[in-house]
Amino acid sequence: MKALVAISRVLVGVLFIFSGFIKLNDPLGFSYKLQEYFSPDVLNISFLEPYALIISVFVVVFEVVLGVFLLIGYKPKFTVWSLLGMIVFFTFLTFYAAYFEKVKDCGCFGDFLKLDPWESFGKDVVLLIFIVILFVGVKHIKPVFGKLQTTVLALLGFIVSLWFGYHVLMHLPSIDFRAYAIGKNIKEGMQVPESAPKPIQEYSWKFKVNGEEKIIKTNGAYPAVNGDFVSVETKVIQEGYTPPVVDFSIESNDEDLTTHFLEQENLIVVVSYSLESIEQAGALKLKALQERARKNNYQIIGLTASGESTKQRINEAYNINFNWYLCDEKALKTVVRSNPGILELDKGLVQQKVHWNDINDLKLPKVEKIPEPNKVKDTIAYFVNGETSTKQDVEAINPERIESVSVIKDSIQIKEMNIKNNTTFTGIIEVKLKEE
């Protein structure tokens, strides 16, 4: 029993410290996950949502501290009882989320390791077994050091954990596991490889055959059956490939500009998932940032999920005039754990990312000014057999020589052409001539 307790002690202690540290590295991210659990669709205790961050910090600090207490043998009974209470609660939580399919990712290891609810529940059951062993054999848990040293180490573990949590909240996570980390390319993160696995779905077709209902299951093909179709239900058997970057966009009120801006160099992006709750101290720094960026020939834009009236009010209140574009709130919370937060993008590559507290640390050396787009008389680009042409030349072509005329209005294709040729066309007309 003594050996079993010793093994359980090491495994549980190390796992609690590791899991707690991962979440403590990003307490805001864990608070977003807690808000998901508190929501009406899951536990329906939405009155706790405003306190999610406080609860997040308390839980992850306590998790790390309990791991330290267990390893050094500080107050064994208190530690084991606390571990048991915590693991029972989280086992119930992960089972509830898994059974009712309420939450897709438990958040146990933050963005470092994604576990689905059933995997997380299995992990908690194993931990529960080890903690029950500790509970039964608590008398075998002895301090590793003397009383004074053990108390000092326990206090040190608490202070360091609390300081680290405060530090990352005032700056950014020390280790960024997300797809928007410095060095990651957002444009590439949105792409799905051709060889990526596709989702596998099961179709349950309901027919009425000879007065009785009959269900036939297929992988999508319409079944050959002599009967009257009633309904069909689909179920995902296996999830397909999900790219690292989802739901990210840069949109105006009437068009999607994501491709355009992810092709730009020297782009400063101010991210505020909610302008209504933007930190005032951070917003006050945006005017100086805007002036410094433009002085050194950087473009600057904003990304938010807030509406037009709020954008205008914020610009007037803080004397800024860059354009705010739309993006999903959840995606923006993932981009940067700060409101506001600032990124420098170079053709989609994240070059720099800072918390609003660290705006002055943003390095913006002077760069070459981007030339103004070429002014064109026509807003439509004309091509004849793939060669650039003009409206006058196209109109002069004998109609009998024309095989086909294609009008292209695809905004992405037009933007790509404008970026490549530094033009401002709004449409494309392609003329194909008959072979002579």
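Values below: every heavy atom of this structure, side chains too, minus hydrogens, waters and symmetry copies. Index from 1, following the sequence.
Crowding of Lys75 atom NZ: a count of heavy atoms from other residues, nucleotides or ligands under 6.0 Å not exceeding 12. No more than 12 heavy atoms of other residues, nucleotides or ligands lie within 6.0 Å of NZ in Lys363, so this atom counts as exposed by the packing criterion. No more than 12 heavy atoms of other residues, nucleotides or ligands lie within 6.0 Å of OH in Tyr51, so this atom counts as exposed by the packing criterion. Atom CD of Glu233 sits in a sparse spot, with 12 or fewer heavy atoms from other residues, nucleotides or ligands closer than 6.0 Å. Counting heavy-atom neighbours within 6.0 Å of Phe158 CZ, excluding the residue itself, gives a total of 12 or less. Atom CD of Glu255 is surrounded by more than 12 heavy atoms from other residues, nucleotides or ligands within 6.0 Å.
At distances below 3.5 Å, at least one donor-acceptor pair connects side-chain atoms of Asn296 with backbone N or O atoms of Leu364. Tyr382 contributes no side-chain N or O that, together with a main-chain N or O of Val431, makes up a donor-acceptor pair within less than 3.5 Å. The backbone N or O of Glu188 sits less than 3.5 Å from a side-chain atom of Asn185, completing a donor-acceptor pair. In this structure, Ser161 contributes its side chain and Val61 its backbone to no donor-acceptor pair below 3.5 Å. One N or O on the side chain of Thr150 and one on the backbone of Phe145 form a donor-acceptor pair closer than 3.5 Å. Put simply, the side chain of Asn25 gets close to the backbone of Ile175: a donor and an acceptor are under 3.5 Å apart. Checked by atom type and distance alone, the side chain of Thr304 pairs as donor or acceptor with a backbone atom of Ser306 at under 3.5 Å. Side-chain N or O atoms of Ser56 include none that pairs as donor or acceptor with a backbone N or O of Ala52 at under 3.5 Å.
Between Leu43 and Tyr96, some side-chain heavy-atom pair lies under the 4.5 Å cut-off. Using a 4.5 Å heavy-atom cutoff, the side chains of Val60 and Val64 are not in contact. With a 4.5 Å cut-off on side-chain heavy atoms, Arg337 and Tyr32 count as touching. Ser19 is listed as a side-chain neighbour of Glu63, based on a closest heavy-atom distance under 4.5 Å. Using a 4.5 Å cut-off on side-chain heavy atoms (C-beta onward), Phe322 and Trp324 make contact. Side-chain contact between Phe261 and Ile301: present, with at least one pair of heavy atoms (C-beta onward) separated by less than 4.5 Å. For the pair Val5 and Leu134, the minimum side-chain heavy-atom distance is below 4.5 Å. The shortest distance between side-chain heavy atoms of Lys353 and Asp176 falls below 4.5 Å.
Salt-bridge annotation for Lys287 and Glu291: present, with a side-chain N of the basic residue lying under 4.0 Å from a carboxylate O of the acidic one. Under 4.0 Å is where a charged nitrogen must lie from a carboxylate oxygen, and between Glu308 and Lys311 at least one such pair does.
When all heavy atoms are compared, the tightest approach of Leu70 to Ile141 is CD1-CD1, 4.1 Å. Residues Pro27 and Leu53 share a closest heavy-atom pair of O-CD1, 4.1 Å. Val57 and Leu169 get closest at one heavy-atom pair: CG2-CD1, 4.1 Å. Closest heavy-atom contact between Phe90 and Asp124: O-OD2, 3.2 Å. Pairing each heavy atom of Arg178 with each of Thr334, the nearest pair is NH1-O, 2.5 Å. For Ser39 against Glu49, the heavy-atom pair with the smallest separation is CA-OE2, 3.5 Å.
With 3.5 Å as the limit, one finds no donor-acceptor pair spanning the side chains of Gln351 and Glu344. Between the side chains of Asp358 and His171, at least one donor N or O sits under 3.5 Å from an acceptor N or O. For the residue pair Asn339 and Trp356, no side-chain donor N or O sits within less than 3.5 Å of a side-chain acceptor on the partner. Thr310 and Glu276 share a side-chain donor-acceptor pair at under 3.5 Å.
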Candidate pair Gln264 and Lys347, rule side chain to side chain contact (heavy atoms under 4.5 Å, CB included), full reasoning: CA-CA 5 Å; Gln264 302 297 303; Lys347 292 189 174 181; over 6 Å; no

Please evaluate residues Val350 and Ile186 with respect to the criterion side chain to side chain contact (heavy atoms under 4.5 Å, CB included), reporting the C-alpha separation (whole Å), side-chain torsions for both, the decisive distance (0.1 Å), and the verdict. CA-CA 7 Å; Val350 182; Ile186 297 175; 4.1 Å; yes

Please determine whether salt bridge (charged side-chain N to carboxylate O under 4.0 Å, His left out) holds for the pair Glu316 and Arg313, giving the CA-CA distance in whole Å, both sets of side-chain angles, and the decisive distance to 0.1 Å. CA-CA 5 Å; Glu316 291 174 355; Arg313 178 173 57 81; over 6 Å; no

For side chain to side chain contact (heavy atoms under 4.5 Å, CB included), just list the numbers for Val168 and Ser174, CA-CA rounded to whole Å, side-chain angles, deciding distance to a tenth of an Å, and then say yes or no. CA-CA 7 Å; Val168 296; Ser174 297; 3.8 Å; yes

From CA spacing to verdict: side chain to side chain contact (heavy atoms under 4.5 Å, CB included), Asn297, Lys366: CA-CA 7 Å; Asn297 299 325; Lys366 195 154 191 173; 3.9 Å; yes

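In this structure, CG in Leu349 is found 12.0 Å from CG in Leu267, a value given to the nearest 0.5 Å. Taken from CG in Asp26 to NZ in Lys33, the straight-line distance is 12.0 Å, to the nearest 0.5 Å. One finds the CD atom of Glu265 at 9.0 Å from the CD atom of Glu368 (value rounded to the nearest 0.5 Å). For the atom pair CD1 (Ile268) and CG (Leu362), the distance works out to 5.5 Å, reported to the nearest 0.5 Å. The line from CZ of Phe69 to CG of Leu153 is 10.5 Å long, rounded to the nearest 0.5 Å. Interatomic distance, Ile7 CD1 to Ile133 CD1, rounded to the nearest 0.5 Å: 9.0 Å.
The aromatic rings of His167 and Trp163 lie parallel to each other, their planes meeting at an angle below 30°, with 60° marking the opposite boundary. Between Phe248 and Tyr180, the ring-plane angle classifies as tilted under the 30° and 60° cut-offs. Using cut-offs of 30° and 60° on the angle between ring planes, the pair Phe58 and Phe62 is parallel.
Between Phe21 and Phe164, the ring center distance clears the sub-6.0 Å criterion. Ring-centre distance between Tyr203 and Tyr222: not below the 6.0 Å cut-off.
Sorted by first and then second residue, the pairs that involve residues 324-335 and meet salt bridge (Lys or Arg N to Asp or Glu O under 4.0 Å), not counting sequence neighbours, are Glu329-Lys333.
Residues forming a salt bridge (charged side-chain N to carboxylate O under 4.0 Å, His left out) with Lys187 (at least two apart in sequence, or on another chain): Glu263. Taking the salt bridge (charged side-chain N to carboxylate O under 4.0 Å, His left out) definition, one finds that Glu202 meets it with Lys217, sequence neighbours left out.
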